[in-house]
Amino acid sequence: MRGVLIAATASFETDRALRLSPQVGLRPEPFGALAYHFDSRRLVFLKSQELVELVQALSRHRTAADAVSAAPSTHSPASYIAALASLEEAGVICEQ
Amino acid sequence: MSSSTPALVDQLKSGLDAPICLTWELTYACNLECVHCLSSSGRRDQRELSTAEARRVIDELRDLQVFYVNIGGGEPLVRRDFFEILEYSIDNHVGVKFSTNGYLLDQAKADHLATLDNVDVQLSLDGADAATNDPIRGEGSYAAVRRAIDNLGRAGFENFKISVVATRHNVSQMDAFEQLAGDHGAELRVTRLRPSGRGADVYHELRLTQPQQVDLYHWLLARPHVLTGDSFFHLSALGEPLPGLNLCGAGRVVCLIDPVGDVYACPFVIHDEFLAGNVRSPGGFRRVWTQSELFGALREPDNPGACASCGSYDACGGGCLATKFFTGLPLAGPDPDCVFGNADDALSGIDPQSVPRASQDHSKPARTKVVLTRKG
């Protein structure tokens with residue numbers, strides 16, 4: 001099983017409009033969600049409910065930064081951005 | 001990301017609402033008789049699920065959002081309705097990875113597969129040359145799989161998998177397997193030999209030696225792109241963990257549906273003790289997955305048993321349940337291939353007669369040589 005979300009990458013630009021990739025299936029789970037990329041066959045774990053909600057809300061915001069600032073304060077903006085960077089790298093989210 | 005919920009691995013151990021992925025052996029029929037076949041395949045079982053029943057299983061998997069199934073057998077391509085089942089599955093957004101020995105994967109089938117989305121093909125190969133492969137998989141099987149590789153290549157099918165069960169005799173050929181995969185735009189997948197099915201008969205002579213295990217660990221660690229189906233997590237006790245979840249997923253995140261619809265905890269434990277139910281029963285697969293007492297028990301926290309005093313237990317979790325079971329070892333305790341040799345004493349004291357055997361055996365009857373004589 002590949003694609004376990006481990007680390008975030010630097011240089012993630014938050015002024016872009018992002019969305020859940022149309023190639024990705026999200027399955028709710030007690031810990032958050034499982035995301036499966038039907039093209040790359042990668043499986044990724046979204047490890048909190050708040051992150052799942054953030055990912056689902058991305059398309060309703062003009063930029064990723066806006067979506068992060070609207071997300072619950074359970075996690076820090078920096079940790080949300082790090083998670084989004086990893087998810088973009090894994091192809092789970094993409095530009096609108 | 002910090003969170004008040006339990007660690008992901010603990011959540012996975014306590015089971016998910018549906019499997020992450022699931023193995024579905026479509027048939028026990030097979031044109032080959034590999035010596036290590038983990039489902040003891042050969043003859044078709046008359047009770048095999050019909051096409052309509054297979055569709056109902058797929059309906060359930062779709063509703064449970066199981067993203068993909070690993071289809072195997074037996075040899076799935078011997079089922080006449082294979083493509084019908086395959087296409088029904090992908091049309092319902094249940095992706096398919098299927099394993100085949102390649103004999104029946106002619107150019108027409110390869111061309112057709114290349115037109116389908118969300119299908120992955122795994123070609124089984126257990127030696128980088130016929131001399132290594134054929135004693136395991138059968139005379140002519142190396143040539144057959146090479147033909148299938150060429151057919152998929154000509155069809156433009158990208159990223160198919162070449163799937164190798166690591167044995168004492170082929171583990172030195174890993175570089176050659178990687179080269180072969182690279183030459184054909186394929187990916188290499190290496191999995192662990194298990195004493196399941198007919199594998200029990202050859203496990204002790206084909207399993208990796210301790211130095212071979214260490215070599216393979218380092219080889220895999222340096223090649224995170226080589227797929228393993230998470231099957232070498234017992235090697236993570238050697239240090240840095242291999243990529244993957246590094247846990248036994250039996251009944252927690254994986255399971256097996258066999259050709260007659262029986263649901264087992266994992267593809268390697270076809271035994272009554274690990275039989276959770278049947279998809280034909282009321283409530284179908286979902287009920288088995290969510291209600292079975294067996295799966296409930298498997299989702300309890302692990303009992304480390306004799307591993308409790310080992311500092312590496314968190315890394316390997318005591319290894320593979322099926323491998324312990326079919327070598328007669330206690331399930332709470334070390335894996336027979338424990339990298340520290342912690343199972344060696346227990347293993348040497350086991351009476352071979354007491355070791356459990358797979359509950360299903362569809363091997364073809366041993367051939368008796370017909371001697372033609374002429375009277376007179």
Side-chain angles (χ1 to χ4, degrees), chain A residues 1-9 12 20-56 68 71-87 89-93, chain B residues 1-21 61-68 70 90 92-97 116-120 122 158-161 187 189 223-233 241-247 249 253-254:
Chain A
M1 226 164 279
R2 286 182 301 175
V4 179
L5 192 56
I6 325 160
T9 49
F12 175 78
L20 178 68
S21 162
Q23 307 297 322
V24 167
L26 264 194
R27 187 174 102 190
E29 289 291 345
F31 58 82
L34 276 178
Y36 183 70
H37 196 293
F38 282 99
D39 264 357
S40 71
R41 321 275 152 79
R42 279 183 81 173
L43 187 68
V44 175
F45 297 87
L46 276 62
K47 296 182 199 172
S48 81
Q49 297 295 347
E50 294 84 357
L51 179 59
V52 178
E53 285 160 29
L54 169 61
V55 165
Q56 287 168 328
V68 168
S73 57
T74 341
H75 307 286
S76 69
S79 70
Y80 280 129
I81 289 167
L84 290 179
S86 297
L87 292 175
E89 197 179 82
V92 174
I93 59 174
Chain B
M1 173 154 287
S2 66
S3 168
S4 58
T5 49
L8 178 66
V9 165
D10 294 327
Q11 296 245 15
L12 296 178
K13 284 183 178 172
S14 62
L16 299 178
D17 298 344
I20 291 180
C21 73
L61 300 181
R62 174 199 61 212
D63 295 345
L64 287 166
Q65 274 195 283
V66 172
F67 296 123
Y68 64 93
N70 296 308
I90 57 180
N92 279 279
H93 307 290
V94 179
V96 172
K97 301 183 185 186
L116 302 174
D117 286 333
N118 214 0
V119 173
D120 228 343
Q122 290 183 173
E158 290 173 350
N159 295 326
F160 64 91
K161 316 291 185 268
E187 294 180 58
R189 181 174 185 269
R223 291 168 185 78
H225 52 276
V226 172
L227 306 169
T228 63
D230 254 10
S231 64
F232 292 105
F233 65 92
L242 294 170
L245 293 174
N246 284 303
L247 61 86
V253 300
V254 301

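Looking only at distances, no side-chain donor or acceptor of B/N118 sits under 3.5 Å from a matching main-chain atom of B/I90.
If you measure heavy-atom distances from B/V119 to chain A, the contacts under 4.5 Å come from the backbone alone. With a 4.5 angstrom heavy-atom cutoff, B/N159 does not touch chain A via any of its atoms. For B/L12, the part sitting under 4.5 Å from any heavy atom of chain A is the side chain, from C-beta outward, and nothing else.
Side-chain contact between A/V92 and A/H37 is absent, with no heavy atoms from C-beta onward closer than 4.5 Å.
Residues that satisfy the ring-ring contact (aromatic ring centres under 6.0 Å, His included) test with A/Y36, not counting sequence neighbours, are A/F38, B/F67, B/Y68.
Around CD of A/Q56, the count of heavy atoms belonging to other residues, nucleotides or ligands within 6.0 Å exceeds 12.
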